[in-house]
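Before any comments, here is the structure.
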2 protein chains.
Amino acid sequence: MMSVATDRAWAEHALEVLHGAGYRRGGARTAVVEALSRHDCAVSALELDDELRQRKAGVGRASIYRSLEQLEELGVLKRLEVSRGMASYERIVQSGHHHHHAICRSCGRLEPFEDPGLERAIARVAGRVSVDVAEHEVVLRGLCERCTR
Amino acid sequence: MMSVATDRAWAEHALEVLHGAGYRRGGARTAVVEALSRHDCAVSALELDDELRQRKAGVGRASIYRSLEQLEELGVLKRLEVSRGMASYERIVQSGHHHHHAICRSCGRLEPFEDPGLERAIARVAGRVSVDVAEHEVVLRGLCERCTR
DNA sequence: ATGACTGCAAAGCCTTTGCACGCAA
DNA sequence: TTGCGTGCAAAGGCTTTGCAGTCAT
């Protein structure tokens, strides 16, 4: 399972899609896309806010939420409901490759995993429901090794 | 797939577990358990609140949240993060039988489904992660038939 | 009688919205 | 120049907490 420090390809793709949708290349949106491109796994809006503030990007919290919403709507970002009352976001890579998450119910740590068999099972089920399935998410919950002891 | 109007067995089990954990048989908790036992699928705290208010149960919103938290902790209730910023709760039946959800991203309608193959795939994956998996959830998102047209 | 349980109201937290200014096109 | 984009502050919505009265044991 490869992982890149910064997914420049995704960032460029995202900016292109934004532009194609008629959005202008504002500083805030670009900063949000760039911040997201540095994360392989789920990040929350507040984490991005912290990050951008540390980099003194001068991006308002509202702009972060607005950008995330647009990116999600355009299908380049996936919104996840994983932690208690807080959404997380994750890049959607063009290759179609993606992972799911095991979450420690004690410390909240996220462990990503991927499994072709699981994906096949989901694809089969998706064909049987009346919803036209566009995406899915699987979450495993329990205690991580550290919290078990 | 059978479905009962009111899962009295679950309700009694839940009350018993509560009692066993040292909780007293207060009116609010009993009302919440009874309300939950009438739902086969995910309900939000606010929906339960509406329901109980209509029945003039005189149960405060805070008590509903407190009861839900206790029931979840005792393992008789499952908390789901399905809709935007709002949690839902679902009974955990002793038979181990359970379903997952397909959600319309437009109208929010939930369609439950179950699939043994999917469960097997999840069981396999659960053995490979470092988290000691106690439960899991699968969510399919897309547009329902009504919202597609 | 004692301490858990509860309702009410207030506070918290994440997220969204309103608004005036600034900037991309 | 036009009106989209943005930051700030205020408002929203769900959830949690504080507190004093009530009730189970």
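Numbered from 1 within each chain, the chains take letters A, B, ... in sequence-line order.
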Would you list the atom pairs, donor with acceptor, under 3.5 Å between side chains in residues 142-149 of chain B and any protein atom, with sequence neighbours excluded?
from     : atom 1 : to       : atom 2 : distance (Å)
B/Thr148 : OG1    : B/Cys144 : O      : 2.8

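Among all heavy-atom pairs drawn from A/Ile64 and A/Ala45, the shortest one is CG2-O, 4.1 Å.
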Output one line per pair: protein atom, nucleotide atom from nucleotides 10-15 of chain C, and distance, for all N/O pairs under 3.5 Å.
from   : atom 1 : to      : atom 2 : distance (Å)
C/dT15 : OP1    : A/Ala87 : N      : 2.9
C/dT15 : OP2    : A/Tyr65 : OH     : 2.3
C/dT15 : O5'    : A/Tyr65 : OH     : 3.2

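Using a distance-only test at 3.5 Å, with no hydrogens or angles considered, no donor-acceptor pair links the side chain of A/Glu90 to the main chain of A/Leu80.
For the pair A/His101/A/Cys41, a side-chain contact is recorded, criterion being any heavy-atom separation below 4.5 Å from C-beta on. By the 4.5 Å heavy-atom criterion applied to side chains, B/Leu48 and B/Leu36 are counted as neighbours. With contacts defined as side-chain heavy-atom distances shorter than 4.5 Å, the pair A/Arg79/A/Glu69 does not qualify. Contact annotation: the side chain of A/Val76 never approaches that of A/Ile92 to less than 4.5 Å [non-hydrogen atoms, C-beta and beyond]. B/Leu71 has its side chain within reach of B/Leu18: a pair of non-hydrogen atoms, C-beta onward, lies under 4.5 Å apart.
Aromatic ring orientation, B/His100 versus B/Phe113: tilted (interplanar angle from 30° to 60°).
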#### Entry: Letter per nucleotide, 5' to 3', of nucleotides 1-6 of chain C [B base touched, S only sugar-phosphate touched, - untouched; heavy atoms, 4.0 Å]
--BSSS

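A salt bridge links A/Arg84 with B/Glu72: the closest approach of a Lys/Arg side-chain nitrogen to an acidic carboxylate oxygen falls below 4.0 angstrom. Classification of A/Arg91 and A/Asp7 as a salt-bridged pair holds, one side-chain N sitting under 4.0 Å from a carboxylate O. Using a cut-off of 4.0 Å between Lys/Arg side-chain N and Asp/Glu carboxylate O, A/Arg55 and A/Glu51 are scored as not salt-bridged. No salt bridge links B/Glu137 with B/Lys78; every basic N to acidic carboxylate O contact stays at or beyond 4.0 Å.
In summary, the aromatic rings of A/His97 and A/His99 are positioned with their centroids too far apart to meet the 6.0 Å limit.
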### Query
Are B/Met86 and A/Glu81 close enough, and set up right, to give a side chain to side chain contact (heavy atoms under 4.5 Å, CB included), and what steps lead you there?
CA-CA 10 Å; B/Met86 196 162 67; A/Glu81 306 274 349; over 6 Å; no

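Each end of the helix from C/dA1-D/dT25 to C/dA25-D/dT1 gets its own rotation axis from five pairs of C1' atoms, and the angle between them is 30° to the nearest 10 degrees.
Heavy-atom distances under 4.0 Å link DNA chain C to no residue of residues 11-19 of chain B.
From the 5' end on, the contacts that DNA chain D makes with chain B at under 4.0 Å to a non-hydrogen atom open and close at D/dC14 to D/dT25.
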